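Note sheet for the following structure.
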Amino acid sequence: MIRRPRGTNDRLSEDHVAWQHVIDTFTHECELRGFKPISTPTLEHTDLFSRTTGEQTDIVRKEMYSFEDRGGDSLTLRPEGTAPVVRAYLQNSMHNLLQPVKVAYVASVFRYDRPQAGRYREHHQIGAEALGDANPAVDAEIINLLWSTYQALGISDLQLHINSLGDPDTRPKYREALIEYFTPLKPHLDPDSLRQLETNPLRLLDSKNPAVIALCDDAPRSVDFVNSEAREHFEDLKELLDALDIPFTQNNRLVRGLDYYNRTVFEFLPPDTGSQSTIGGGGRYDYLAELIDGSHVAGVGFGSGIERVLLNMERLDQKPKSTASTSVYVAPLVKGAVPTALRISNDLQRVDISTESGFGPSSPRSHLRRANALTAKIAILIGEDELQKNVVAIKPLDGSDQIAVPRDQTVHTVRNLLKPST
RNA sequence: GUGGGCGUAGCUCAAUUGGUUAGAGCGUCUGGUUGUGGCCCAGAAGGCUGGGGGUUCAAGUCCCCUCGCUCACCCCA
């Protein structure tokens, strides 16, 4: 037996109802705000991610699906959605369009990780980016888009956490302050935290170790180190979120796993702080484009895992399950009726009546059992008698009487029967 | 990469201290009705008990290895 690769999923038809609902809802919210769809390749040059995401991040160090293609290029299955969009903006000279350029996407994302609840090697994200404008109102618009999408999906109990990381000119100072604060506390740190103190002290703030969390209460806060422009940007954003009636918590411990963020970072979290809790998050990345081609393009965006969105909809019993059923089932009782059955099915389908045809001749009993299992509203039986008289037997499956009608009046009759009786 | 839990039919689960031919419900198919669905009834198909090795007169059951699933850590969506 060849099985699917670990951490990947087959999405069966019953799951597609809810899946499509999430995408449709997001698409609608995007259209309401002028975010246009964009698609980028599943594959990119490895450099795009290693350079932008950060050499020291776990994503680049151990989670990328990278391989050499037949021409010797190193390619990578995208581990996140933002860098490819920025790359597409630069490559397609989108600075010539009206700024900011607002785009949205649905994309599969790949990370080599041990799978667990809400975490897969291939997962899917809805995401949006606004490029070419540094105004805090753009941050607010991005956050509002994600917030509104969650609301529309019935996920109403999420907490929005926000923080400001400041700009690159002040980051080293903050970093040093953290090292200075935590170094005397080394005896209280676990091995993982000690390693992070060396590699990326910001991540210490994100620890789940209760002892470390306690220490973080008195740790230096990034907002105290940012420059005056970044501080004003953050204050403006909070004011705008208030104006939009979007409740938020300023979380001084919020840092993100990708290195390219500056100023605004945010995350949406469910109330019960479980393990794979972040359902969506993002932030501003005004210096990301520089890493790709040296140009300066302001940007802000988010990504949200569709699988985790669905998990939260399920938790709140908001996951749609019902699927549309076929209206009509056409049953050929004898082999000679199969062409007629297919023909009638086709006629009905052409006038937008969902119809399935039985493929092989069989007894009325098994055909009707099948029609019932499909929850069809009407069955059409065609046997020897009907062929002789050039009629079809139309049987409503609600228990009302079966009628014989001339074959050329089938569509007309079915349409009338399906009309809601008022 | 680290640690815990679990692998019996398509699904959910049984199977006495190790003891005959591994069962049930649901689902699927067929029949009960020479051309009439649901409900009911009957029957059938469907298992190398994840795989390999070991202990034993005897292993679904005990031991080891391995694979898979799952949960958590790490990290993130």
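These figures come from a predicted structure and were not determined experimentally. Order of the sequence lines fixes the chain letters, A, B, ..., with proteins taken first and strands second; residue numbering starts at 1 for each chain.
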Among [options], the one nearest [X] by side-chain distance:
{"X": "A/Thr278", "options": "B/G35, B/C71, B/A77", "answer": "B/A77"}
{"X": "A/Asn372", "options": "B/G31, B/G38, B/G35", "answer": "B/G38"}
{"X": "A/Arg369", "options": "B/C71, B/G31, B/A77", "answer": "B/G31"}

Can you tell me how far [atom1] in [N] sits from the matching atom in [M], rounded to whole Å?
{"N": "B/A45", "M": "B/C62", "atom1": "C1'", "value": "34 Å"}
{"N": "B/G25", "M": "B/C65", "atom1": "P", "value": "39 Å"}
{"N": "B/U66", "M": "B/U30", "atom1": "P", "value": "47 Å"}
{"N": "B/A15", "M": "B/G19", "atom1": "C1'", "value": "12 Å"}

_Stacking check A/His123 vs B/A77 (5.5 Å / 30 deg)_ = yes

Look at all strands and tell whether [X] reaches a base, only sugar-phosphate, or nothing, counting heavy atoms closer than 4.0 Å.
{"X": "A/Glu386", "result": "base"}
{"X": "A/Glu384", "result": "base"}
{"X": "A/Leu258", "result": "sugar-phosphate"}
{"X": "A/Arg111", "result": "base"}
{"X": "A/Gly383", "result": "base"}

*Just wondering, are more than 12 heavy atoms of other shown residues or ligands nearer than 6.0 Å to CZ in A/Arg343?*
no

_Donor-acceptor under 3.5 Å (A/Asn251 side chain, A/Arg253 main chain)_ = yes

_Any side-chain to backbone donor/acceptor pair from A/Ser148 onto A/Leu145? Under 3.5 Å, distance only._
no

*Is A/Arg256 near enough to B/A77 that one of its side-chain N or O atoms lies under 4.0 angstrom from OP1 or OP2?*
yes

_Let me spell it out: for each of A/Asp398 and A/Glu80, pick the nucleotide of RNA chain B with the closest heavy atom. Which residue's pick is nearer the 5' end?_
A/Asp398

*Would you kindly compare A/Tyr150 and A/Leu381 by the position of their nearest RNA chain B nucleotide and give the one closer to the 5′ end?*
A/Leu381

*Got a salt bridge between A/Lys62 and A/Asp58, using NZ or NE/NH1/NH2 to carboxylate O under 4.0 Å?*
yes

_Could you tell me the Watson-Crick or G-U partner of B/A22, where both distances fall under 3.5 Å? Say none if there is no partner._
none

*Does A/Phe225 have A/Lys173 sitting over its ring (NZ/CZ under 6.0 Å from centre, angle to axis within 45°)?*
no

